[in-house]
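Below: the structure, in structure tokens.
First the proteins, then the strands, lettered A, B, ... as listed; each starts at 1.
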2 protein chains.
Amino acid sequence: MIKVDIDTKMKFLHGFSNKTRVQILESIIEDEKTVSEIVDDLNGNQSNISQHLTCLKGCGLIVGRQDGKYVYYRVRNQLVRDLLSMFDVVLEDIQNDIACCENHID
Amino acid sequence: MIKVDIDTKMKFLHGFSNKTRVQILESIIEDEKTVSEIVDDLNGNQSNISQHLTCLKGCGLIVGRQDGKYVYYRVRNQLVRDLLSMFDVVLEDIQNDIACCENHID
DNA sequence: CACACATATTAGCAATTGCTAATATGATAA
DNA sequence: TTATCATATTAGCAATTGCTAATATGTGTG
């Protein structure tokens, strides 16, 4: 495996560095949604959501397709979905780890 | 699996949102290193690296152990290492995907 | 003890990021 | 065509983040 360029990797990881972006990803992890559905879902601002969608698309994490006057966005593929669930797995593991091994003195 | 709290998740993901932090993780993915070794490795600033180490520790991604006047830091566990390699896997996959499917008109 | 060295913390500034409101683009329908 | 609705883009500001230099803490040694 060829070593991934750090700047490319950072651009990719940038997709996960904002709460709204992560919430968008979670919102469309199962099925695609239009921009306005996502806006409703997150109780967000249209402009703001649109900007984050552009960002996520630039990161390669999501893809969009135009259908009439709507644009549907979805998570790019299963591997990205797997990565998203892995966040939860690793995070839970860390939390257990901390609960078990670092709170001995209470 | 219990739904992970979004703010907790964001704190965790924050660890991956800065180039220096990701470089630190890559630097210690194989074996633990002292702060000054990491500083040398990244050609960084001691204060800066120390701040990022504190951040990464706060994220739960790394752990430190004091040995005499040195502090050794290492990636918390194998699952975190797996997550780090998964970044590369997913990123490469995305890059191939984009190369294959979105550059038809050149 | 005093000193040297490793690491952590603080403060202030510079740079980046995210948000909102306004406006522009692009699509459909009348 | 014009009107309407969905989405994108822009500009300006507010908030956050990251960096550097200076200082503090803590550990081992003479």
Side-chain angles (χ1 to χ4, degrees), chain A residues 6-28 31-76 102, chain B residues 6-28 31-76 102:
Chain A
I6 181 73
D7 290 311
T8 309
K9 189 189 283 195
M10 288 320 300
K11 183 165 179 246
F12 165 72
L13 290 175
H14 187 241
F16 305 111
S17 72
N18 171 273
K19 181 168 164 174
T20 302
R21 284 196 291 275
V22 173
Q23 287 180 133
I24 289 173
L25 290 168
E26 289 178 347
S27 164
I28 60 176
D31 29 48
E32 62 179 13
K33 285 184 184 158
T34 68
V35 177
S36 33
E37 283 172 334
I38 298 167
V39 169
D40 287 354
D41 234 52
L42 307 199
N43 248 287
N45 167 299
Q46 185 269 321
S47 162
N48 191 229
I49 299 291
S50 180
Q51 287 176 67
H52 284 304
L53 287 166
T54 303
C55 174
L56 287 167
K57 199 164 55 172
C59 296
L61 293 169
I62 66 175
V63 293
R65 73 177 177 89
Q66 183 112 27
D67 181 9
K69 60 181 176 181
Y70 295 92
V71 179
Y72 285 85
Y73 285 98
R74 64 174 183 281
V75 171
R76 174 178 290 270
E102 294 180 6
Chain B
I6 181 70
D7 291 309
T8 310
K9 190 191 281 196
M10 288 320 300
K11 185 169 178 241
F12 166 71
L13 290 175
H14 187 241
F16 304 112
S17 72
N18 170 274
K19 182 167 164 175
T20 303
R21 284 196 291 276
V22 173
Q23 288 181 134
I24 289 172
L25 290 169
E26 288 178 347
S27 163
I28 60 176
D31 29 49
E32 63 178 12
K33 286 183 183 160
T34 67
V35 176
S36 33
E37 283 172 333
I38 298 168
V39 170
D40 287 354
D41 234 52
L42 306 199
N43 249 290
N45 167 299
Q46 185 268 320
S47 161
N48 190 230
I49 299 292
S50 181
Q51 287 176 67
H52 284 303
L53 286 167
T54 303
C55 173
L56 287 167
K57 199 164 55 171
C59 296
L61 293 169
I62 66 174
V63 292
R65 71 175 177 89
Q66 183 113 27
D67 182 9
K69 59 182 176 179
Y70 295 94
V71 179
Y72 286 85
Y73 284 98
R74 65 176 184 279
V75 171
R76 175 179 290 271
E102 293 179 6

Under 4.0 Å: is that the gap between some side-chain N or O of A:Tyr73 and OP1 or OP2 of D:dA8?
yes
Residue-phosphate contact under 4.0 Å: B:Asn48 side-chain N/O, D:dG18 OP1/OP2:
no
Side-chain-base donor-acceptor pair under 3.5 Å for A:Gln46 and D:dA8:
yes
Side chain of A:Ser47 (C-beta onward), nearest among D:dT7, C:dA21, C:dT7
C:dA21
Which whole-number value in Å describes the distance from A:Lys33 NZ to D:dT7 P?
13 Å
Looking at C:dT20, D:dT27, D:dA8, which one has an atom nearest to any side-chain atom of B:Lys69?
D:dT27
Tell me whether the side-chain N/O atoms of A:Thr20 come closer than 4.0 Å to OP1 or OP2 in C:dC19.
yes
Which one, D:dT7, C:dG18, C:dA8, comes nearest to the side chain of B:Val71?
C:dA8
Is there a donor-acceptor contact under 3.5 Å from the side chain of B:Arg65 to the main chain of B:Arg74?
no
Would one find a side-chain N or O of B:Ser36 under 4.0 angstrom from OP1 or OP2 of C:dC5?
no
A:Ile38 and A:Ser27: which non-hydrogen atoms are nearest, and at how many Å?
CG1-OG, 4.4 Å
For D:dC19 and B:His52 - does any side-chain N or O of the residue sit under 4.0 Å from the phosphate oxygens OP1/OP2?
yes
